[in-house]
Peer 1: 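Provided herewith is a single structure, encoded as structure tokens, for subsequent inquiry.
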Amino acid sequence: MSQPLTREQHLDLYYYMKLNRMLDEQLVRLFRQNVVVGGLYSNLGQEATSVGTAYALEKRDWIAPMIRNVGGLLVKGYKPRDILMQYMARVDSPTMGKDGTSHFGDIKVRHVVSPISMLGDLVPVMAGVAIGGRYLGQNIVAMTWVGDGATSTGAFHEGMNFAATQHAPLVLVVENNQWAYSTPVAKQVPIHDLADRAKAYGIASAIVDGNDVMAVYQTTKEAVNRCRAGKGPVLIESKTMRMKGHAQHDAAEYVPKEMFKYWEARDPIARYEKYLTENKIWDEKTKKELDARIDKELKEDLEFAEKSPLPPPELAEQGVYCDGCHTVEAVWNRSKAEVTPPKSSVKPEWEVTDFGGFDLASTMAKQSAAAGENGGKDARIISQGTHKNTAHKPQQRPNGGAAKSAQHPARNFERQQPASQKFKGQKSPSQRMMDQKTNGQPEKSSAVARVPFGRGPKGKEGRK
Amino acid sequence: MAPVTMLEAIRQAIFEEMERDPTVVAIGEDIGVYGGAFKVTAGLLERFGWERVIDTPISETAIIGAAVGMGYQGLRPIAELQFIDFIACCFNQITNFAAKSHYRWGAPVPMVMRGPSGGGVHGGPFHSANPEMYFVHTPGLKVIYPSTAYDAKGLLKSAIRDNNPVLFFEHKFLYRRIKEELPTEDYTVPIGKAIVRREGRDLTIVTYAAMMHTSLEAAEELAKEGIEAEVVDLRTLLPLDKETILQSVKKTNKLLIVHEDTRTGGIAGEIAAVACEGAFEDLDGPILRVTAKDTPVPFSPPLEERFLPNKNDVISTARELAQY
Ligand SMILES: Cc1ncc(C[n+]2csc(CCOP(=O)(O)OP(=O)(O)O)c2C)c(N)n1
Ligand SMILES: [Mg+2]
């Protein structure tokens, strides 16, 4: 388990979440005044997921945010003015007006990779950041977020599978906010828990109440520790809710009103305020001070942003290529000798330990155990063929097959077992979610085993 | 030193760069234990180990995506596409992620994407393509397509040392068909510089890759008829060396463009526009082109032969142009 948070850290979480929300509200006002160029994507209701996950990282770790992860950018040290000016397309924005929204980053200092609009593409890129960092001996963790909708992309699958085969130190946060534009998650993915995707990659996973910042933080911290220890990627599904339409133009009339009400009662900031008060971590005075600080910072940053001009037109033609304007430097935290000949030399052979034959008896045994667990719901079709209940021996290759190989990086890690046996102990995902109490203090709303609106309300057309 | 094939020249470039700089890593399908489908990466794993020679699942998007991520870490990945045709599977990572990265947020992507391309070996519709123009149309990328072993080695070294995402096309028909003696010392060939392979006064043939050899052969036959063709080998398609093209056109006053890529949207159209913009008054005849047909690359030998441009096509079109 991770270290308990200090009072300062508890207050930090509040600060970032509240700042995220106030910035969101500020942007809505600017949008209505026509100061925002282009669309505006709200983070409302998802602050705990962005802030709680990013806060579990060290300074040297890398993130790649999606559009609703402004909270993560704030934790990484970006200022509201950066986000304001991105949306306002000003020259002092991190991209100087070349791109908008949260599409910016900084590889050298903050270790933030800019997203692109194409959903899912960050997964393989962050897998590359993760294995690159491992190669350089940096002991970093890379983290990115994807929406429930983005899990349907090919890039998501290729990236997760690659990360898993590489045992990359990658934490993938699946932000299940129930909607992908107008499409409910049940129409997007035919399984209830997106965390179940992890099984297919043979990696660890967790499900967390995404509106409980302490649960999000603790789960992520554990995942990060696990990654840093070289145990491979972790997929965390955060159950939360997009509390607005896809963007400002979208009134979200397709979302049942009761669903908004359900989630309003689970507002992450209100819940955390209550938690801070009940646990005597703060008092009314501290809250007022923090809120005043946020107001002041936002006001100053807005003034700064408004003073920043639009970019000069000639900037459009600059910076397509790096012609020496940026240096490419690797930060080595290990001896280069380890990766240069002759020390790097190996015998180029595969180590083959499993000949891949079909063992009817054990497959049937596994299957009946699984059928007992879930009432035979996803029973596999097994044909006995010519085998009359005799166990099938794996075939021996003529050449004897298995040859010992030198240190493949993957070999240093534990053999993958079903995720449930490792990260989760013997518990099912929903049991685990029940355990993610607010800092050990049970809170009623987070103790439900199943999020009722996770697939839309019962009996509604949308469920079919 | 004994002459080496273009394939060996490419292998040497990768090997020597990995030897020189530990930030250079290789990633791709079957490149390690097997040494690559064409054996371009043979011996790399043995020398540089599992961390620097990464055998991947069959996931082109993951290969290019991971290479971009490693680039952000300050590494210089060389990604192999088993056949360049599969580049279509990772188009998004290349054109949206890698190509726009430096422009949008100042993050260079020092990555090379290389693979065997081109027809003439009966590879059929999915193992013979020349997809260079998809990428020539993408600002932020560099596109190289060499025709000789010397250039292949020198340009690949330049590509690896470059801070931008570079596509490196290796014409598989040339892999083992051409041989050349290479310098023993380290050398590079600059990206973005065309070269005049044959001097001539009567017309300019602008070409690249396998068609460079076809054009040279055609030029020798034309010379017997008294037509002296100048052959310009582009070597790099993006950025295009307009200066060398225009210089030659201004000298010969006639322009023929020869490429193995299909006709519509091939680089010939772009070069014709460059010539019109920069040397219109010097032109004494129409700008003509010899290209592949506008079809997928067919499989059966007589079909592929019909599809591909050949020496006789170049000769007859050059004769026609020389009439003006
Ligand atoms: C590959 C791709 N296809 C389509 C889109 C258009 N699009 C932008 S956001 C979005 C919905 C995304 O849903 P989800 O991944 O759940 O993220 P959320 O908006 O809920 O945060 C769509 C369809 C896109 N950006 N990328
Ligand atoms: Mg969503």
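Because the structure is a prediction, the values reported are computed rather than measured. Chain letters run A, B, ... following the sequence lines, proteins first, then strands; residues in each count from 1.
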Peer 1: State, to 0.1 Å, how close Trp105(B) and Thr95(A) come at their nearest heavy-atom pair, and which atoms those are.
Peer 2: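 Taking every non-hydrogen atom into account, CB-CG2, 4.2 Å.
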Peer 1: Could you tell me whether the side chain of Phe48(B) reaches within less than 4.5 Å of the side chain of Pro341(A), counting heavy atoms only?
Peer 2: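 Of all side-chain heavy-atom pairs linking Phe48(B) with Pro341(A), at least one is under 4.5 Å.
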Peer 1: Are side-chain heavy atoms of Asp99(A) and Tyr103(B) found at a separation under 4.5 Å?
Peer 2: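 Contact flag for Asp99(A)/Tyr103(B) side chains = no.
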Peer 1: Decide yes or no for Glu329(A) and Thr23(B): does some side-chain heavy atom of the first lie under 4.5 Å from some side-chain heavy atom of the second?
Peer 2: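 A side-chain contact under 4.5 Å is absent here.
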Peer 1: Select, from Lys98(A), Glu158(A), Met118(A), the one with the greatest count of heavy-atom pairs under 4.5 Å involving chain B.
Peer 2: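 Going by pairs under 4.5 Å, I would pick Glu158(A).
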Peer 1: Please test Ile131(A) against Met70(B) for side-chain contact (heavy atoms from CB on, under 4.5 Å), starting from the C-alpha separation and ending with a verdict.
Peer 2: CA-CA 7 Å; Ile131(A) 63 171; Met70(B) 288 192 279; 4.1 Å; yes
Peer 1: Who among Gly133(A), Gly159(A), Ala155(A) has the most heavy-atom pairs with chain B under 4.5 Å?
Peer 2: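 The answer is Gly133(A).
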Peer 1: In terms of heavy-atom pairs under 4.5 Å, which option from Leu141(B), Ile63(B), Asp162(B), Ile27(B) contacts chain A the most?
Peer 2: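 Maximum pair count with chain A is reached by Leu141(B).
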Peer 1: Is it true that, when you exclude Tyr34(B) itself, more than 12 heavy atoms of the residues, nucleotides or ligands shown sit nearer than 6.0 Å to its OH?
Peer 2: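 No, the 6.0 Å shell around OH holds no more than 12 heavy atoms from other groups.
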Peer 1: Roughly how far, to the nearest 0.5 Å, is OG1 of Thr340(A) from CZ of Arg20(B)?
Peer 2: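 Nearest 0.5 Å value for the CZ-OG1 distance: 13.5 Å.
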Peer 1: What I'd like to find out is whether the side chain of Phe162(A) reaches to under 4.5 Å of the side chain of Thr61(B), using heavy atoms alone.
Peer 2: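 Of all side-chain heavy-atom pairs linking Thr61(B) with Phe162(A), none is under 4.5 Å.
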Peer 1: Quick check on Ala316(A) against chain B: is it the side chain, the backbone, both or neither that has a heavy atom closer than 4.5 Å?
Peer 2: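 For Ala316(A), heavy atoms of backbone and side chain both lie under 4.5 Å from chain B.
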Peer 1: Tell me, side chain or backbone of Leu136(A) under 4.5 Å from chain B's heavy atoms, or both, or neither?
Peer 2: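 The side chain, not the backbone.
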Peer 1: Regarding Asp121(A) and Asn96(B), is there a side-chain donor-to-acceptor distance under 3.5 Å anywhere?
Peer 2: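 Result is no, nothing qualifies.
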Peer 1: Pick whichever of Lys108(A), Met160(A), Gln138(A), Met96(A) has the most heavy-atom pairs under 4.5 Å with chain B.
Peer 2: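 Highest number of heavy-atom pairs under 4.5 Å: Gln138(A).
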Peer 1: Answer yes or no: is there a side-chain heavy-atom contact under 4.5 Å between Ile140(A) and Gln73(B)?
Peer 2: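 Ile140(A) vs Gln73(B): side chains touch.
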Peer 1: Is there side-chain contact between Tyr72(B) and Trp62(A), with heavy atoms separated by less than 4.5 Å?
Peer 2: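 The answer is yes, as the side chains (C-beta and beyond) meet within the 4.5 Å cut-off.
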Peer 1: In the structure I gave you, are the side-chain heavy atoms of Ile54(B) and Tyr135(A) within less than 4.5 Å of one another anywhere?
Peer 2: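 Ile54(B) does not reach Tyr135(A) side chain to side chain.
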Peer 1: Which residues satisfy the side-chain contact (heavy atoms from CB on, under 4.5 Å) test with Cys322(A), sequence neighbours excluded?
Peer 2: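 Expected list: Cys325(A), His326(A), His102(B), Pro108(B), Asn163(B), Asn164(B).
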Peer 1: Quick one, Val339(A) and Glu51(B) - any side-chain contact, counting heavy atoms below 4.5 Å?
Peer 2: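 Yes; the side chains approach each other to less than 4.5 Å.
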Peer 1: Under 4.5 Å heavy-atom distance to chain A, tell me which part of Val25(B) shows up: side chain, backbone, both or neither.
Peer 2: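 For Val25(B), side-chain heavy atoms alone lie under 4.5 Å from chain A.
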Peer 1: Report yes or no: do Ser114(A) and Arg104(B) form a side-chain donor-acceptor pair below 3.5 Å?
Peer 2: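 Note: Ser114(A) and Arg104(B) side chains meet the donor-acceptor criterion.
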Peer 1: Counting heavy atoms not belonging to Tyr187(B), are there more than 12 under 6.0 Å from its OH?
Peer 2: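 Enclosed: over 12 neighbouring heavy atoms sit under 6.0 Å from OH of Tyr187(B).
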Peer 1: Side chain, backbone, both or neither: which part of Pro110(B) has a heavy atom under 4.5 Å from chain A?
Peer 2: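 Just its side chain gets close to chain A.
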Peer 1: For His103(A), is it the side chain, the backbone, both or neither that has a heavy atom under 4.5 Å from a heavy atom of chain B?
Peer 2: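 Backbone plus side chain of His103(A), per the 4.5 Å heavy-atom cut-off to chain B.
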